[in-house]
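Below is one structure, written out as C-alpha cells; the observations come after it.
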Amino acid sequence: MATPNGATSPGASTARPSVIQLAIKEKPALYAAFIPFLTEGGIFIPTTRDYRLGDDVYLLLTIMDNPQRFPVAGKVAWITPANAAGNKTQGIGVRFPADEKARQLRLVIEEILGPTAEIASRATHTL
C-alpha cells in the first residue's frame with residue numbers, strides 16, 4: 001500500500017523506490033557526503049526515514065553551482081542510525097549504479113573536490 005508521499009508502507013508486496021531531492025551547495029558539504037570507497041562512488045543523504053541495506057533509492061542530486069540535476073538510481077549501502085556514536089548525522093549512503101551517468105557524476109564530484117589534502121582532516125558522514 002502506498003502512502004500519500006509515494007512511499008510504500010511496511011508489509012507491502014512491491015516497494016517503489018524512494019525519491020529524494022538533494023542539493024549540496026558547498027565544497028565541505030560535498031566532501032562530507034561523498035563516499036569514494038564504494039566502487040562506483042556514492043553519496044550520504046541525511047534522513048530520518050527508515051531504510052534497509054539494498055533498498056532502491058532514486059536521487060535527484062544538485063551539486064553547488066552546476067545547473068544540471070543528476071538522476072541516480074542507486075541502492076542503500078550505508079545506514080547511520082539515530083543516536084550513532086560520535087554524533088554522526090542520521091541518514092543513508094546511496095551507492096551509485098555501474099552506468100555511464102553515474103560515472104560522469106563521480107567525475108564531476110572528483111573534479112570539484114580535487115586534491116582533498118586541505119580538507120582531508122575534516123570528518124565525513126561515513127568513515
Side-chain angles (χ1 to χ4, degrees):
M1 167 180 268
T3 60
N5 66 1
T8 305
S9 64
S13 58
T14 58
R16 289 178 48 196
S18 183
V19 178
I20 300 172
Q21 293 188 46
L22 179 66
I24 298 177
K25 299 179 181 186
E26 298 175 346
K27 186 174 177 178
L30 180 60
Y31 173 80
F34 183 51
I35 308 173
F37 59 83
L38 295 174
T39 304
E40 305 300 331
I43 202 86
F44 180 84
I45 302 168
T47 182
T48 57
R49 182 171 169 194
D50 288 331
Y51 287 90
R52 294 183 186 164
L53 292 176
D55 281 355
D56 291 323
V57 176
Y58 188 77
L59 174 65
L60 295 171
L61 180 62
T62 305
I63 300 174
M64 297 170 51
D65 295 331
N66 191 322
Q68 180 179 356
R69 280 191 2 183
F70 297 91
V72 177
K75 292 199 179 281
V76 174
W78 181 283
I79 298 173
T80 302
N83 304 314
N87 290 327
K88 293 280 189 183
T89 301
Q90 181 179 358
I92 58 172
V94 174
R95 176 177 46 90
F96 297 161
D99 64 19
E100 185 58 25
K101 287 181 183 179
R103 190 181 78 73
Q104 290 299 321
L105 172 57
R106 183 179 180 127
L107 290 174
V108 166
I109 292 171
E110 289 174 345
E111 183 177 306
I112 292 168
L113 294 178
T116 56
E118 72 275 7
I119 56 176
S121 62
R122 295 183 186 165
T124 68
H125 293 299
T126 54
L127 295 177

TODO: May I ask you to check whether over 12 heavy atoms, not counting those of Glu100, lie within 6.0 Å of atom CD?
DONE: yes
Task: Non-hydrogen atoms of Pro36 and Arg106 that approach each other most closely - done: O-NH2, 3.1 Å
Task: Phe96 side chain near Arg103 side chain, heavy-atom distance below 4.5 Å - done: no
TODO: Look up atom CD in Gln68 and atom CG in Leu105, then write down how far apart they are to the nearest 0.5 Å.
DONE: 8.5 Å
Open item on the list: For residues Leu53 and Ile92: do they belong to one hydrophobic cluster (side chain heavy atoms under 4.5 Å, members Ile, Leu, Val, Met, Phe, Trp, Tyr)?
Closed with: yes
Open item on the list: Please determine whether residues Leu59 and Ile79 belong to a single hydrophobic cluster, defined as Ile, Leu, Val, Met, Phe, Trp and Tyr linked transitively by side-chain heavy-atom distances below 4.5 Å.
Closed with: yes
- [ ] Indicate the atoms forming the closest heavy-atom contact of Pro97 with Ala73, along with that distance.
- [x] CG-O, 3.5 Å
- [ ] Calculate, to the nearest 0.5 Å, the distance between atoms CG and CD1 belonging to Asn66 and Ile112 respectively.
- [x] 6.5 Å
Open item on the list: Can you tell me how far apart CG (Asn83) and CD (Gln90) are? Round to the nearest 0.5 Å.
Closed with: 8.0 Å
Task: Inter-residue atom distance Thr80.OG1 - Phe44.CZ, 0.5 Å rounding - done: 4.5 Å
Task: Pairing residues for Arg95 by the salt bridge (Lys or Arg N to Asp or Glu O under 4.0 Å) criterion, not counting sequence neighbours - done: none
Open item on the list: Nearest 0.5 Å, please: how far is CG in Leu113 from OH in Tyr31?
Closed with: 8.5 Å
TODO: Give every residue pair that meets the salt bridge (Lys or Arg N to Asp or Glu O under 4.0 Å) criterion with at least one member in residues 60-82, sequence neighbours excluded.
DONE: Asp56-Lys75
Open item on the list: If the condition is side chain to side chain contact (heavy atoms under 4.5 Å, CB included), which residues does Ala23 pass it with, not counting sequence neighbours?
Closed with: Lys25, Thr62
Open item on the list: Hydrophobic cluster membership, with links at side-chain heavy-atom distances under 4.5 Å among I/L/V/M/F/W/Y: are Ile43 and Met64 in one?
Closed with: yes
- [ ] Run the numbers on Tyr51 and Ser18 for side chain to side chain donor-acceptor pair (under 3.5 Å), then give the verdict.
- [x] CA-CA 10 Å; Tyr51 287 90; Ser18 183; 2.8 Å; yes
Open item on the list: I want to check something: taking the side chain as every heavy atom from C-beta on, are Glu111 and Val108 in contact at a cut-off of under 4.5 Å?
Closed with: no
Open item on the list: Using the rule that Ile, Leu, Val, Met, Phe, Trp and Tyr join whenever any side-chain heavy atoms are under 4.5 Å apart, tell me whether Tyr58 and Ile45 fall into a single cluster.
Closed with: no
Task: Evaluation steps, side chain to side chain contact (heavy atoms under 4.5 Å, CB included), between Glu110 and Leu107 - done: CA-CA 5 Å; Glu110 289 174 345; Leu107 290 174; 4.3 Å; yes
Open item on the list: Using the rule that Ile, Leu, Val, Met, Phe, Trp and Tyr join whenever any side-chain heavy atoms are under 4.5 Å apart, tell me whether Leu61 and Ile20 fall into a single cluster.
Closed with: yes
TODO: Could you go through the side chain to side chain contact (heavy atoms under 4.5 Å, CB included) check for Leu60 and Leu22 one step at a time?
DONE: CA-CA 6 Å; Leu60 295 171; Leu22 179 66; over 6 Å; no
Open item on the list: With rounding to the nearest 0.5 angstrom, report the CZ to CD distance, Phe70 to Gln104.
Closed with: 8.5 Å
Open item on the list: Minimum heavy-atom separation for Thr89 and Pro46, please, with both atom names.
Closed with: CG2-CB, 3.9 Å
Task: Closest approach of Ile24 to Ala33 (non-hydrogen atoms, all atoms of both residues) - done: CD1-CB, 4.1 Å
